[in-house]
Amino acid sequence: MKNYDHLTIEKKWQDEWEKSGIYNTPDNVPGKENFYTLTEFTYPSGNLHVGHWYAFSVPDIFARYKRMQGFNVLYPTGFDAFGLPAENAAIKLGADPKVLTYEQMDRMRTQIKSMGGMFDWSREVVTCDPEYYKWTQWMFNQFLKHDLAYRAVTKVNWCPKDQTVLANEQVTDGKCERCGTEVVQKDQEQWMLRITKYADRLIDDLDNLDWPHAIKESQKNWIGRSEGSELEFTIVNSDQKIKVFTTRADTLFGVTYVVLAPEHELVSKLLENVSNKEEVQDYVSLTKKKQELERQQSKDKTGVELKGVKVINPANNEEVPVWIADYVLAGYGTGAVMAVPRHDTRDYEFSTHNNLNKGEFVVARKHALCGIYSSSIENLESIKSIKSISLSYEEKIKGHLYFFYFNNSEILNLLPKIQEALKDDGQANISTTGLFIELRKNETPRPVPIECDPNEGFLINSGKFDGMTSDEAKKKITEFVGGKLVSTYRLRDWGISRQRYWGCPIPIVYDPEGNAHSIPDEHLPWILPTDVDHTPDGTAPLARSKELLERTEKIFGKGWKPEVETMDTFVDSSWYFYRYLDSKDNAEFASTEKMNAWMPVDMYMGGAEHTTMHVLYSRFWTKALQDLGFVKDSEAYKVRRNRGLILGPDGNKMSKSKGNVINPDEIVELLGADTVRMYLAFMGPYGVTVNYPWDPNGVVGVRRFLERVWKLGQKIVNEGNPLLPGEGGLQSKPGEVLLHKTIKGITEDVEEFKFNTAISKMMILINAWEKEDSVSGDDYKILLQLLSPFAPHITDELWSELGEKNSIHLSQWPTYDAKLVIDDTVTIGIQINGKVRAEIELAKDADQESVREKVLAMDEVKKWIEVSDSKEIKKFIYVPGKIISIVV
RNA sequence: GCCCGGGUGGCGUAAUUGGUAGCCGCGAUAGACUCAAAAUCUAUUGUCUUUACGGACGUGUGGGUUCAAGUCCCACCCCGGGCACCA
């Protein structure tokens, strides 16, 4: 009997597959539907880790399954090959990043091939290849032509160590994501992409996508749409207005002052009118010195009043003072806010810090307050019935209370009681304009909007707007004061300029006057020069290239200068999935015909860490290309599934310093690629962001399973059992039922990415077969087919041992006999007073009467009825195929 | 603080979506084979209790709905992720 020699087998079949080219995917196969399976291509770090295996080899199971189902499956890969790590390594080694990168790609190709995946390498995409970045540059030109790209001075995140600009996404907790250095803010002119133009579509189009809920929420949070109102406060004795943005127009009556960001353009204009000009100027310059981070972290809400300047609240014509304070950010909304200390913790903190409080009752809980929400009449009744009111501070914080603001005579007779309660709460008293009353959360209030009367303040429960939602109320007030409803976003435009060498050159040249011109398409690709010392010194390395300057002058004329910045690598990866479709095309980035054949991507599997970066960027890219008429879809990825991380055996993230890194090459050498693939699939469901620890014993368990599959086949063949091809096999009826149930179960599991339970079902099948004397050859072959997407090498070997001429991977996925998967009888439990006391085997469709008779005759059942208090049957429930429940 | 997920044996997980909780794998214990070990095979393995048959408890906690709750409802605790002086 041959041993299961994984090294020989895996090498043999990988060579065989490459030779026969069975994984090369044509664009069209008559009678087959195309299916585009995508995984995020990798950065060529030069060493494959377990994460790569998890990212590529488990989706490969799905791709193979789809293929056996009769789809024409495209499963491509390539390299996201530009980027800082190679450049930094090259600097260290005194090497050329290009040479280094291509070496590392060679090494990684070999490693990736050891997975036994069905990648179509003929379509490989490499982003640092000029034939690729030619199109990256071409797209940039298109964007520039259509005002989706522009040059602007912005505050940028600057990493002093990497000497480069970082996108917001690349900054975590104020530190460079890559090297951990504290990031500083810097003003810099750079190329921007107008992603904010797409903010609404990037949020709204999520609704129609089959994506994990959490990922959609993350993107929404990141874009940070906030729907509110823009309201204007008129400056007294002036025709100037201060525009504020608020999401709580309904609190407009509670405004006690207005605050401008110190950078706000009106500050300098108003300077002439203020009596404390110097104080204001000092504060402004102090703010300028502070880093944004520092501003965000400082607890104290400092600020200076613009003395002598007053503005008019448009709701009640009240005059309120104007302050400047650095807790108001210039870059968000209008850079000015209306302050409602009664309803907003930040405003409250500011007014406390600056002694602006008027003695109102204020609660430091931003969202617990609802200024204008009243109750329905029923709730008024329930308020009246409140016996005592506790307003201890702690309870307010913990209890999720709703607060109501009343000015209604109906409840004014409650005042004494409330005042009594408030007295214990040292800091509370009756507000100048109303009164707060608390209600428990489960007495869900119906928001009732207000009728505005500048003289009376505002009245609630007038009945006039009864039943309005809070959004409608906000709208009403906004209209009342002549404001408008607007959305603001947290998302900023995408700065793509990088002052580094190893990236896609930005295809721009400057004329002698310094005006930017895009490089005409005929000069693309605009090649990255090689005569560059890329040691970072804070300036772009390309500025030191003679070749680039000479090339520029030769083409455009004396005095012209090249752009010396390169693009963020997220630009490269924003469109790579189109290039797979037509990777050798010289005339277009991809032909319309081929894009029509494959797009959109049917299944995109990747890491959750790309949610607010690559995935968001490439969605923007697709929409932009669609607007420009180059692609047909507004979304590139129909279905998205995220995976978690593989942790070290100790449950921590794998890292060299923790010494818990699993080297896949070693495990593959020891146990085989099939084992590693299957173990990764067996750990838990794929497509959920759950992290699984690598269990060295667990892998061995999977290897044991493959050994048993191997032995099961060999043993029967050696005994001369009719397992040989063409001879049919022994029939074992019970086994047949199990087999068909297994086919059904695995098919369903794989569709749902539950590879773990699919594998467990194969284990159950094997466990059962091992107990039998013989297994039919046909049945065994079906098992091999079910197993083949998971363990492609061993199954192809055993398949060919059985005399099959074509690869198992070209065979059809097994189907099951629907009749065989339905049981005639079922064993169900018998509950007596809710406890399972016995079980009984019944025909699946046994009728109520006969079941009742049978069950009540059972000794175990009688026994429990005897010991019960009532001894008589109050209820007899029989749900066919599920349960019998008796109440006594 | 706001918005999402999620809490099941010693561990990774499973549960026909309201119907016998713990499938499969790992680990552990005992046995067979062996001079011995590894490998392999067999049996047991949620906790407590009982000589045993059995019984009680059990899906983060506390309530509730139901004949029946891991699953539905309410409140809370803990863990993970996204956002955050964003008005």
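Each chain gets a letter, A, B and so on, in the order the sequences are listed, and its residues count up from 1. Fair warning: this is a prediction, and the values are worked out from it, not measured in the lab.
Atom OH of A:Tyr54 is separated from atom CE of A:Met683 by 5.0 Å, given to the nearest 0.5 angstrom. Separating the CG atom in A:Leu680 from the CG atom in A:Asn756 is a distance of 12.5 Å, to the nearest 0.5 Å. Note that the OH atom of A:Tyr4 and the CD1 atom of A:Ile794 stand 4.0 Å from one another [nearest 0.5 Å].
Under the salt bridge (charged side-chain N to carboxylate O under 4.0 Å, His left out) criterion, A:Arg225 pairs with A:Asp200, A:Asp204, A:Glu227, not counting sequence neighbours. Every residue two or more places apart in sequence or in another chain was checked for a side chain to side chain donor-acceptor pair (under 3.5 Å) with A:Asn221, and none qualifies.
Distance CD (A:Glu839) to P (B:rU20): 11 Å, rounded to an integer number of Å. When rounded to the nearest whole Å, the span between CG of A:Leu645 and C1' of B:rG81 equals 11 Å. One can place OH of A:Tyr878 at 17 Å from C1' of B:rA68, the figure rounded to the nearest angstrom. Here the P atom of nucleotide B:rC26 and the CE atom of A:Met678 are 13 Å apart, to the nearest Å. Between the P atom of B:rC67 and the CD atom of A:Gln831 lies a distance of 12 Å, rounded to the nearest Å. Look at CD1 on A:Ile830: it is 15 Å from C1' on B:rA68, rounded to the nearest Å. Atom pair A:Glu748:CD and B:rA14:C1' shows a separation of 15 Å (rounding to whole Å applied). Spacing between atom CG of A:Asp347 and atom P of B:rA87 amounts to 12 Å, rounded to whole angstrom units.
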Hey, what are the protein-to-nucleotides 63-66 of chain B N/O distances that come in under 3.5 Å?
none

Close N/O contacts between protein and nucleotides 55-57 of chain B (under 3.5 Å):
{"from": "B:rA56", "atom 1": "OP1", "to": "A:Arg837", "atom 2": "NH2", "distance (Å)": "3.3"}
{"from": "B:rA56", "atom 1": "OP2", "to": "A:Arg837", "atom 2": "NH1", "distance (Å)": "3.1"}
{"from": "B:rC57", "atom 1": "OP2", "to": "A:Lys835", "atom 2": "NZ", "distance (Å)": "2.6"}

Listed pairs, N/O of protein and of nucleotides 39-49 of chain B, under 3.5 Å:
none

Exercise for the section: Carefully, step by step, assess A:Tyr257 and A:Ser351 under the rule side chain to side chain donor-acceptor pair (under 3.5 Å). Expected result: CA-CA 9 Å; A:Tyr257 55 98; A:Ser351 69; 4.6 Å; no
- Going through the checks in order, is the salt bridge (charged side-chain N to carboxylate O under 4.0 Å, His left out) test met by A:Lys216 and A:Asp210? CA-CA 10 Å; A:Lys216 293 185 182 183; A:Asp210 178 0; over 6 Å; no
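Nucleotides B:rC76 and B:rU44 place their C1' atoms 40 Å apart, quoted to the nearest Å. Straight-line distance between the P atoms of B:rG5 and B:rA75: roughly 16 Å, to the nearest whole Å. Here the separation of B:rC2 from B:rU8, taken at their P atoms, is 26 Å to the nearest Å. Rounded to a whole angstrom, the distance from the C1' atom of B:rG22 to that of B:rU47 is 13 Å.
Within the 4.0 angstrom heavy-atom criterion, base atoms lie near A:Ile877. Here A:Ser885 lies in heavy-atom contact (under 4.0 Å) with a base. As judged by a 4.0 angstrom heavy-atom cut-off over every strand, A:Val879 is placed among the base-contacting residues. Contact annotation for A:Asn767: backbone-only contact, meaning every heavy-atom pair under 4.0 Å involves sugar-phosphate atoms and none involves a base. A:Pro685 comes within 4.0 angstrom of the backbone, heavy atoms only, and of no base. As judged by a 4.0 angstrom heavy-atom cut-off over every strand, A:Gly224 is placed among residues making no nucleic acid contact. A:Thr488 comes within contact range of no nucleotide atom at all, as no heavy-atom separation falls under 4.0 Å.
Contact check on A:Lys711 versus A:Glu707 returns no salt bridge, with no Lys/Arg side-chain nitrogen under 4.0 Å from an Asp/Glu carboxylate oxygen. Residues A:Glu866 and A:Lys863 are not paired through a salt bridge, judged by the lack of any N-O separation under 4.0 Å between the basic side chain and the carboxylate.
For residues 675-688 of chain A, the set of pairs meeting the side-chain hydrogen bond (donor to acceptor under 3.5 Å, both in side chains) definition, not counting sequence neighbours, comprises A:Asp60-A:Arg677. Sorted by first and then second residue, the salt bridge (charged side-chain N to carboxylate O under 4.0 Å, His left out) pairs with a member in residues 830-843 of chain A form an empty list; sequence neighbours excluded. Applying the side-chain hydrogen bond (donor to acceptor under 3.5 Å, both in side chains) test to every pair with at least one member in residues 758-768 of chain A, sequence neighbours left out, gives these pairs: A:Arg708-A:Asn767, A:Asp749-A:Lys761. A salt bridge (charged side-chain N to carboxylate O under 4.0 Å, His left out) check over residues 643-655 of chain A, counting only residues at least two apart or in different chains, returns nothing.
A donor-acceptor contact shorter than 3.5 Å is absent between the side chain of A:Asn691 and the backbone of A:Leu647.
Of all heavy-atom pairs between A:Ala325 and A:Thr302, the closest is CB-O, 3.3 Å. The nearest pair of heavy atoms linking A:Leu252 to A:Phe233 is CD1-CZ, 3.8 Å.
Checking A:Ala336 against A:Ile886, the closest nucleotide of RNA chain B that is more toward the 5' end is the one next to A:Ile886. Toward the 5′ end of RNA chain B lies the nearest nucleotide of A:Ile759, the other residue of the pair A:Thr246 and A:Ile759 mapping further downstream.
With a glycosidic angle no more than 90° from 0, B:rU17 adopts the syn conformation.
Residue A:Asn697 places its side chain closer to B:rC26 than to any other of B:rC85, B:rG82, B:rC26. Side chain of A:Thr827, nearest nucleotide from B:rC67, B:rG19, B:rU20: B:rU20.
For A:Arg619 and A:Trp211, the positive end sits near the middle of the six-membered ring, less than 6.0 Å away and at most 45° from its axis.
Stem regions annotated for RNA chain B: B:1-7 with B:77-83, B:10-12 with B:24-26, B:27-32 with B:40-45, B:46-49 with B:54-57, B:60-64 with B:72-76, counting only runs of 3 or more consecutive pairs of Watson-Crick or G-U type with both contacts under 3.5 Å.
Each of A:Ile203, A:Leu202, A:Val615 was checked for a side-chain contact (heavy atoms from CB on, under 4.5 Å) with A:Gln219, and the lone residue meeting it is A:Val615. When each of A:Ile828, A:Val851, A:Val826 is paired with A:Ile840, the side-chain contact (heavy atoms from CB on, under 4.5 Å) condition holds for A:Ile828 and for no other.
Aromatic ring centres of A:Phe790 and A:Phe682 lie farther apart than the 6.0 Å criterion allows. Between A:Phe755 and A:Phe753, the gap from one ring centroid to the other is short of 6.0 Å.
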Letter by letter from the 5' end, nucleotides 3-12 of chain B scores (B base, S sugar-phosphate only, - none; protein heavy atoms under 4.0 Å) BSS------B
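Heavy-atom distances under 4.0 Å link RNA chain B to A:Ser226 of residues 225-232 of chain A, given in residue order.
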